[in-house]
Protein chains: 2
Amino acid sequence: MTTIYDIARRAGVSATTVSKVLNGYPDVSQKTREKVQRITRELGYQPNAAARGLVTRRSMSIGVFFQDDARMGFRHPFLHDIVASFQDVVGESGYDLLFFSRTTPPNAPQGFEARARHRGVDGLFLLGIPRTSPGLPSLVRSRIPVVSVDLDLFGPRASWLSSDNIGGAKLAVMHLAAMGHTKIGFVGDRYGTKPGQDRALGYHMALQELGLAFRSEWVAEGDFMEESGEEAMHRILEAREWPTAVFFASDMMAIGAMKALRERGLEPGRDISLVGFDDVAIARLVTPALTTIRQNTRAMGEEAARELLDLMQNPNRPPRVITIPVELVSRDSVARIGG
Amino acid sequence: MTTIYDIARRAGVSATTVSKVLNGYPDVSQKTREKVQRITRELGYQPNAAARGLVTRRSMSIGVFFQDDARMGFRHPFLHDIVASFQDVVGESGYDLLFFSRTTPPNAPQGFEARARHRGVDGLFLLGIPRTSPGLPSLVRSRIPVVSVDLDLFGPRASWLSSDNIGGAKLAVMHLAAMGHTKIGFVGDRYGTKPGQDRALGYHMALQELGLAFRSEWVAEGDFMEESGEEAMHRILEAREWPTAVFFASDMMAIGAMKALRERGLEPGRDISLVGFDDVAIARLVTPALTTIRQNTRAMGEEAARELLDLMQNPNRPPRVITIPVELVSRDSVARIGG
DNA sequence: CCTCGAATCGAAAGCGTTTTCGTCAGTGGA
DNA sequence: TCCACTGACGAAAACGCTTTCGATTCGAGG
């Protein structure tokens, strides 16, 4: 490995001067600057990030805790899209992403904070982390800048971000109402995630605003995945009177529900209308193509990145909670009924 | 931040001794060992990875170059699954994953090798990287241990791994033949990826072994994505005589082809049989459920991880090329015909 | 000719570890 | 009593870089 000393020797200057050239300090003459740059290039020199990090106390890397257990299922690609656009933004500022492994050796540091400190990451990005994770309280109390998605974090340097879940849920219900539906069911989330709660809240608010009846037989809970949507639909169909439409807190549950309907000889999108949430890639490929609330994953990743960069740069900037707008994507799974 | 000197002072020993305790050296008495360990715990000490990396010349991190351009489309989750199981294995050995950003600031190091050196990663994992990437030749010539998937790499410390694409393609064709098909088309890959080439090869070999006719009107090319499958199918349907079955180099192209068939009033899986490749999550959800060749993503990730760990540990171990078995998943998109 | 400021450079300390090698006390054997 | 050896520990160098601050030179202004 070539070091700045190698360059210094070849250029007939001190290592200090080389370092100054490499870091754009002004107190270097044009001539030596160019000479050092030339030699740097010739030698294919790469600065050693560890050495630099040791003295600057910055690693130019952002730690990512990404949990995509089975439970997440098809949210999988959803979170990956967010990370991708997040990375595109922070990459432009020179950051790479350090993904912490879920598995660790027995003696290794444990917990968000300890692992972040160990690696010396400059900031943290959290996705798919359950609200009940044990390491969370101590993390948010620390001075490490952190941004999370779909996880409500409260600490001096912890911002969080999610889609407008309440607004999205209202949008879904409003759309159904506009299509003539008055009996509208809901399949929510059994784990008490923040988005799940908000979507349930939006559902209730919309019903209230519209003056529509709330019937507990028409609501059920799942885990965001296909099978649970199927079960939930079956449960709702046990009610004496059926809803004419059901809003699901995730696309995959809506898709599972389609299967349940067909098993009962019902045609999804005609006999019972369905609206999902997320707009996963398959939503437009299933039959009938699923009407859903699209989350803007690109905007989420980019906003999260900008927020974290800002948090890292200004030690005293207070954290924020960021909401990303959603939009209704109308396809074939909602029938117009009545008048 | 607490350092080993803080611990040393509190324990009344030298930093050397603390370091020895932390690294399990034998020449420390039981008494001082326990004392140091206790204080380490009390102070919530975390070793500084940069400082340690500086002297040990190891970072305990593995660099990942992951390219998932639009072209990859639905292979997306496929590659992510591989990374996930890869990470689970290397995580147990204490490694975290450093994902290099696609975007970089203008003055930053460029190319696989330079960026790997800069970060001091202990090894490299490559996914979704095109064979024509400019940095590849210099990378494989370097002494950096690297493992890639679906990319044929040749260098002193470069192993690569892929599914048994040839065998899988043969499997698909054999299955069709067993179901009575003799007129079998193929939709391959236009970009000359290694897997695409191998699947084409397997297709040809199987035809030959079975003594079936090869008709160039029955083969077309796409880019692994849905739309291209649709177009390819249309092109094949322009032949005067139609094949009774088509084998696609990816599930998504097969799914696109379903749309093409329906546009012509044909029923996929009955009028024309389809076999895909990959077994992406949607394959079982489309109608008709897609018969396909399943790639074992878990095995791919785990094998890749073991190979890389081994390569990193033994500087003189020659590289390998690893093939992961595939399996046929028979669903509803292949009709039995003839006798 | 003297002084002063600007421009340019380098010495040295420091970042937090690991690791080599030496020191020293104690122990057992001759 | 002496010697060799073992066990326990620490001094110091090294890893590759950044940054402060002082030194030196040079030209301009007085």
Side-chain angles (χ1 to χ4, degrees), chain A residues 1-37 39-40 43-61 94 107-109 114 116-122, chain B residues 1-37 39-40 43-61 94 107-109 114 116-122:
Chain A
M1 274 307 70
T2 97
T3 73
I4 54 172
Y5 286 95
D6 300 328
I7 299 176
R9 206 173 319 116
R10 288 268 272 255
V13 297
S14 75
T16 302
T17 302
V18 175
S19 174
K20 284 178 177 173
V21 170
L22 263 28
N23 293 291
Y25 278 64
D27 60 341
V28 176
S29 74
Q30 187 62 17
K31 247 179 59 183
T32 51
R33 179 181 303 279
E34 279 167 5
K35 186 169 190 180
V36 167
Q37 283 169 337
I39 297 182
T40 298
L43 263 46
Y45 166 80
Q46 287 308 326
N48 179 316
R52 176 176 286 180
L54 185 56
V55 28
T56 61
R57 307 166 152 292
R58 315 201 329 153
S59 62
M60 292 310 283
S61 67
N107 58 339
R117 290 229 127 81
H118 170 67
R119 289 291 185 177
V121 295
D122 299 335
Chain B
M1 273 308 68
T2 96
T3 72
I4 53 172
Y5 285 95
D6 300 328
I7 300 177
R9 206 173 321 117
R10 288 267 271 256
V13 297
S14 75
T16 303
T17 301
V18 174
S19 175
K20 284 179 178 173
V21 170
L22 262 29
N23 293 290
Y25 278 64
D27 60 340
V28 176
S29 73
Q30 187 62 18
K31 248 179 61 183
T32 51
R33 177 180 307 278
E34 279 166 5
K35 186 169 190 180
V36 167
Q37 284 169 337
I39 297 182
T40 298
L43 262 47
Y45 166 80
Q46 287 308 325
N48 180 317
R52 175 176 286 180
L54 185 56
V55 27
T56 60
R57 304 166 154 293
R58 315 203 328 155
S59 62
M60 293 310 283
S61 67
N107 57 338
R117 291 228 126 82
H118 170 65
R119 290 292 186 178
V121 296
D122 300 336

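It should be emphasised that the depicted structure is a prediction, and the values quoted were computed from it without experimental measurement. Order of the sequence lines fixes the chain letters, A, B, ..., with proteins taken first and strands second; residue numbering starts at 1 for each chain.
For the side-chain contact (heavy atoms from CB on, under 4.5 Å) criterion with A:V21, the lone passing option out of A:T32, A:I39, A:V28 is A:V28.
With C:dT17, D:dT20, C:dC21 as the choices, the nucleotide that has an atom nearest any side-chain atom of B:I4 turns out to be C:dT17. Closest approach to the B:A51 side chain among D:dG16, C:dT17, C:dC9 is made by C:dT17 (side chain taken as heavy atoms from C-beta onward). Set against C:dC9, D:dC17, D:dC9, the side chain of B:T17 has D:dC9 as its closest nucleotide. When the nucleotides D:dT18, C:dG16, D:dG10 are ranked by their closest atom to the side chain of B:T16, D:dG10 comes out on top. Distance from the side chain of A:S14 is smallest to C:dA11 among C:dT20, C:dA11, D:dC15.
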For B:Q46 and A:R119, what are the C-alpha separation, side-chain angles and deciding distance, and is it a side chain to side chain contact (heavy atoms under 4.5 Å, CB included)? CA-CA 9 Å; B:Q46 287 308 325; A:R119 289 291 185 177; over 6 Å; no
Test side chain to side chain contact (heavy atoms under 4.5 Å, CB included) on A:I4 and A:Y45; report intermediate values, then the result. CA-CA 8 Å; A:I4 54 172; A:Y45 166 80; 3.4 Å; yes
Take A:N48 and A:T3 through the side chain to side chain contact (heavy atoms under 4.5 Å, CB included) test and state the conclusion after the steps. CA-CA 8 Å; A:N48 179 316; A:T3 73; over 6 Å; no
As a quick check of understanding, evaluate side chain to side chain contact (heavy atoms under 4.5 Å, CB included) for A:R52 and A:N23, giving each step before the final call. CA-CA 11 Å; A:R52 176 176 286 180; A:N23 293 291; 3.9 Å; yes
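The phosphate of C:dC9 has OP1 or OP2 within less than 4.0 Å of a side-chain N or O from A:S29. Distances shorter than 4.0 Å separate none of the side-chain N or O atoms of B:R57 from OP1 or OP2 on C:dT18. Contact annotation: A:T56 does not reach the phosphate of D:dC17 (side-chain N/O to OP1 or OP2, under 4.0 Å).
Per the geometry, CG belonging to B:L54 stands 11 Å off P belonging to C:dT18, to the nearest Å. Across the protein-nucleic acid pair, B:Y5 atom OH and C:dG14 atom P stand 12 Å apart, rounded to whole Å. For B:D27 and C:dT19, the CG to C1' distance is 11 Å, given to the nearest whole Å. Rounded to an integer number of Å, the gap from CG of B:N23 to C1' of C:dT17 is 9 Å. The distance from atom CD of A:Q30 to atom C1' of C:dC9 is 16 Å, rounded to the nearest whole Å. To the nearest angstrom, P of D:dG16 lies 15 Å from NE2 of B:H118. A:Y45 has its OH atom 7 Å from the C1' atom of D:dC17, to the nearest Å. Summarising the geometry, the separation between CD on B:E34 and P on D:dA8 is reported as 13 Å, rounded to the nearest angstrom.
The number of heavy-atom neighbours closer than 6.0 Å to CZ of B:R33, taken from other residues, nucleotides and ligands shown, is above 12.
As judged by a 4.0 angstrom heavy-atom cut-off over every strand, B:P47 is placed among residues touching the sugar-phosphate backbone only. Base engagement by A:S19 is indicated by at least one non-hydrogen atom pair under 4.0 Å involving a base atom. Using a 4.0 Å heavy-atom criterion, one finds that B:Q46 contacts the sugar-phosphate atoms exclusively. In this structure, A:Y25 reaches the sugar-phosphate backbone alone: every heavy-atom distance under 4.0 Å involves primed, P, OP1 or OP2 atoms, never a base.
Toward the 5' end of DNA chain D, the nearer of the two residues B:R33 and A:V18, judged by each one's closest nucleotide, is B:R33.
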